[in-house]
Each structure stands twice: as C-alpha cells, then as structure tokens.
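Fair warning: this is a prediction, and the values are worked out from it, not measured in the lab. Side chains are part of it too, since the values below use all heavy atoms of this structure and drop only hydrogens, waters and symmetry mates. Counting starts at 1 for both ligands and their atoms, in listed order.
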Amino acid sequence: MTPRQHVEQLLSFIDASPSPYHVVATIETWLACWQFEKLSETETWTLHANGRYYVVRDDSSIIVFVTGSQTVAESGYKIIGAHTDSPGLRLKANASDSNHGLLRLGVDIYGSPILATFADRDLSLAGRIHYKTDTDKLNTRLLHLSEALLRLPNLAIHLNRNVNEEVLKLHKHSELPLILAAADEQLPQTYWYQLLAEAAKIKPEQILTVDLSIYDTQKGGFWGAQQQFYTNSQLDNLASCHAALSALLCEENLTPQHTLVCALFDHEEVGSESHKGAAGSFLADILERIATQTTANRTDYQRALAQSFMISADMAHAYQPNFPSAYDNQHKAFVNQGVVIKSNANQRYSSDGVSMAMFIDWCQQANVPYQFYSHRNDLPCGSTIGPVISAKLGIRSVDVGCPLWAMHSIRESAGVLDHHYMVKVLSQFFNA
Ligand SMILES: [Zn+2]
C-alpha cells in the first residue's frame with residue numbers, strides 16, 4: 001500500500017470508531033476478514049501453531065495474537081502495545097439538567113483533553129447502553145448517534161474581552177455542560193433517554209445505565225499544499241493501534257516462528273489501573289494461557305517472558321515552530337521525518353540504550369528514518385503503557401510513536417509518511 005492508502009484506511013478506521021467500544025468492534029470486523037477466531041476467557045482453549053486468535057475484555061480492550069511455529073518457551077513473545085481510549089468528555093450518570101430554557105448534559109472529564117478545543121464543534125454521542133430486554137434480561141448494545149446533537153458554544157469576545165491575552169479557560173465543572181435542546185420546563189432523565197431509546201429501538205424506561213463518550217462528528221481528512229498532513233480526532237492513539245494491526249495483518253506475518261501479539265488497552269489516559277487496563281491482569285492472563293497450551297509448567301512461561309520484547313507504540317510530540325521554547329532544542333521531532341524513539345531517565349518511557357538500539361536496527365533493516373525525543377527537564381513528562389507492562393511482566397520494552405501536533409486536542413494532526421514508516425518498522429519487528 002502507498003503511504004496515502006495507509007492513512008486513508010486509518011481515517012476510515014477512526015471515523016467508524018467514535019468510542020473505545022467501537023474501536024474494538026471495528027477491529028473485530030477487520031479480524032473477521034482475516035479468519036481470526038474469537039476466544040472467550042470463560043472457556044477452555046485449544047490453540048494450534050500459526051493459529052489466529054483474539055480475546056476481548058469488557059468490549060474496549062483487545063488482545064490479538066498469532067501463535068508461532070516455535071513454542072513460546074523456545075522463542076518468547078513479540079508484543080506491540082497501544083491504547084484504544086482517547087482523552088475527552090464522558091457523560092455523567094444523571095446527565096440531564098433542564099434549566100434556563102435549555103436541556104444540557106453534564107459531563108465528566110476523561111484524562112487530560114485540551115478543553116478549549118471542544119468549544120464550537122459539532123459534537124455527538126457514542127458508546128454503549130445497558131438495558132432490560134422485553135423478557136427482563138440485562139443486555140448491552142453499542143450506540144453511535146451520527147448527527148450533531150451537542151454543542152459547547154464559546155462566550156462571545158464582547159463578554160470575555162481578555163480571551164486572546166489569557167487563553168480560553170473553561171471552568172471544569174460549571175462551564176462544560178453541553179447544550180442538547182430547548183426545554184421550557186424541568187424534564188425528567190427519561191426525556192433525553194427517549195433519544196437513545198429511539199436509536200436503540202427500545203423503550204426509554206428499559207435503559208438502566210450508559211457508557212457514552214462525546215465525539216466530534218467531523219470526519220478525518222488530508223491537508224497541506226501537497227496533502228502531506230492528515231487530521232482527525234483520536235489520532236492519539238488509534239494511529240498506533242492501526243499501525244500495529246496493519247503490521248500483523250499481512251501475509252508474511254501470519255505464519256511466524258515467534259508468537260506475535262497486539263495488545264490494545266482501554267484506560268491508558270487515566271493511568272491504566274482497571275481490570276481491562278494495561279496495569280490489570282489482562283495481558284499476563286492471556287500470555288500465560290498461550291504458554292500453558294504449548295508448554296507444561298510455569299518455568300517455561302517465565303522463560304518465555306525473559307526472551308520477549310515489547311514495542312510500546314504511542315504518539316510523540318511533533319515540533320511546532322510557533323512555540324520553540326516548549327521543546328528541547330536537541331530533541332525536536334519533525335513531522336514526516338520518521339518514527340520517534342522516546343526516552344526518559346525517570347522511566348516515564350520504558351526505553352533504554354539496549355531496547356533503542358534494537359529498534360534502530362529494525363528501522364535500518366526496513367529503511368525507515370528515525371528521530372529521538374526527550375522532554376524538556378523543566379516540564380513534567382507524559383507516560384505510556386510501556387513502563388507499566390514492562391515492570392509487571394519483566395519484559396524489555398521501547399517507547400516509540402509518530403510525531404503528532406496538538407496532542408489531546410479534539411482535532412490532532414500528523415504526517416502521512418510517518419504513519420507509513422511506522423507500519424513498515426513494526427512489520428519488520430514482527431518479521432525479524
Ligand atoms: Zn497516547
């Protein structure tokens with residue numbers, strides 16, 4: 001595929017996936033085309049060499065793997081980790097508030113979004129709802145409302161005279177409720193549940209709870225004089241999820257010697273501490289089950305971990321020349337100039353000299369340019385799932401990513417070539 005085709009496929013993937021639950025559902029559709037078998041954690045498994053499998057935990061974390069022709073005790077696992085969630089706004093349980101002639105929905109802040117970027121966008125809702133069926137059973141269903149339903153209008157400059165001098169600040173509690181409708185009286189929660197119920201083809205009173213994200217209805221696209229840049233929401237980190245799966249889902253990587261794993265987790269943006277997050281048991285549980293299918297004892301599993309490697313793929317901060325003082329002068333990552341290797345002496349990233357050298361070797365074999373990124377010492381550095389998993393499983397790991405402008409904006413941008421480079425080097429890692 002050409003670089004442009006890779007990104008076109010990425011943008012379609014994101015547009016079909018407005019919540020972490022939809023991310024996993026879209027991936028499952030993709031895996032079905034490649035004849036992957038879905039496994040349930042509640043059942044016993046029978047795995048075969050060069051078999052294609054995946055496991056979903058609670059709708060929004062997924063582990064995809066292809067078993068090697070060698071046992072994991074012989075050659076370990078090759079893992080690419082990324083995350084399915086993005087920072088933003090999530091609906092509160094009692095979201096509905098009708099006052100002042102308007103029905104507004106209250107939101108929680110999920111992770112660290114740039115809140116000002118949510119103002120004046122065509123927003124809507126996606127996620128899952130939990131309800132009682134006509135026969136009184138609990139059920140869950142995905143919901144994706146496609147029209148623009150919600151909005152956070154800015155305050156006019158005449159009422160906020162210093163907005164350009166002091167940047168746009170939104171109070172995290174009182175200034176974030178989103179406008180849904182005109183309402184001239186106090187309305188019960190079920191009033192706005194009608195909207196969800198119509199979309200789900202059930203009755204409003206059947207709805208018990210919801211897990212709904214706010215998303216931007218504007219689709220992704222290309223920009224720039226030669227269309228060498230692209231933009232969408234959720235590039236952090238769906239671009240890395242897409243690159244990891246693209247590297248796995250090609251003919252040459254589906255009959256591997258090593259066992260290849262793509263581990264994609266929810267809850268990275270809030271610290272990964274959950275039953276399906278990277279700090280939970282999900283990856284360890286699945287890796288151990290793969291090992292016990294092919295080897296007899298726990299020592300063999302530990303031998304497998306000891307010779308495994310993980311690439312933690314997450315987006316990196318691209319240099320923006322309008323803000324030169326935000327960057328370490330010697331560690332600028334330029335858009336369309338290669339994949340970024342991230343390091344931090346305090347282990348906010350999992351890379352060390354050895355793992356970075358190994359990654360550079362794969363870049364060189366794949367003819368992919370690379371760049372180094374290090375955060376300024378006087379700014380707190382972000383982190384990834386890399387250190388979390390590396391510590392938990394004792395696996396050597398490197399943190400890498402594509403350069404990205406406006407990380408955690410509702411509209412992020414990156415370079416077409418870099419996504420292509422990332423797919424190539426991840427494919428080389430699986431193939432080496
Ligand atoms: Zn990220």
Side-chain angles (χ1 to χ4, degrees), residues 10-11 13-14 17-20 22-24 27 60-62 79-90 109-115 117-118 213 215-216 220 230-246 262-274 276-280 282-283 310-318 320 333 335 339-344 347-351 371 373-375 379-390 397-415 418-419 422-423 426:
L10 164 63
L11 295 177
F13 168 56
I14 295 175
S17 311
S19 80
H22 289 86
V23 171
V24 169
I27 291 171
S60 57
S61 291
I62 183 168
I79 304 166
I80 301 173
H83 61 92
T84 58
D85 61 324
S86 297
L89 304 175
R90 301 283 192 265
I109 300 171
Y110 179 81
S112 311
I114 305 176
L115 290 173
T117 64
F118 284 69
S213 307
Y215 81 95
D216 188 345
Y230 66 97
T231 180
N232 209 340
S233 61
Q234 303 183 94
L235 295 185
D236 174 13
N237 192 21
L238 299 191
S240 304
C241 292
H242 180 264
L245 291 165
S246 301
C262 290
L264 313 176
F265 299 95
D266 196 356
H267 290 159
E268 188 272 349
E269 296 290 355
V270 292
S272 296
E273 292 275 356
S274 74
K276 56 183 165 179
F282 189 26
L283 182 58
M310 183 176 78
I311 294 178
S312 164
D314 206 342
M315 304 305 271
H317 300 300
Q320 214 285 35
V335 169
V339 296
V340 180
I341 305 171
K342 302 182 264 183
S343 63
N344 176 265
Q347 290 298 298
R348 302 291 290 161
Y349 300 129
S350 61
S351 316
Q371 333 177 48
Y373 180 80
S374 175
H375 214 59
L379 281 176
C381 183
S383 192
T384 71
I385 60 168
V388 174
I389 294 173
S390 185
S397 171
V398 66
D399 264 284
V400 304
C402 288
L404 178 77
W405 280 313
M407 186 179 288
H408 293 193
S409 163
I410 201 167
R411 199 84 182 152
E412 299 164 326
S413 285
D418 295 322
H419 188 62
M422 183 58 83
V423 174
L426 294 182

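Interatomic distance, CG of N237 versus CE of M407, reported as 8.0 Å (0.5 Å rounding). With rounding to the nearest 0.5 angstrom, the CG atom of D399 is 9.0 Å from the CD atom of Q347.
Judged by distance alone, the side chains of H267 and D85 never bring a donor and an acceptor atom under 3.5 Å apart. In summary, the side chains of S397 and S350 do present a donor paired with an acceptor at a separation below 3.5 Å, with no hydrogens or angles considered.
Between H317 and H375, the ring planes are tilted. Angles from 30° to 60° get that label.
Of all protein N/O/S atoms, those lying under 2.8 Å from the Zn ion (ligand 1) come to 4.
Looking at residues two or more places apart in sequence or on another chain, you find no salt bridge (Lys or Arg N to Asp or Glu O under 4.0 Å) involving D314.
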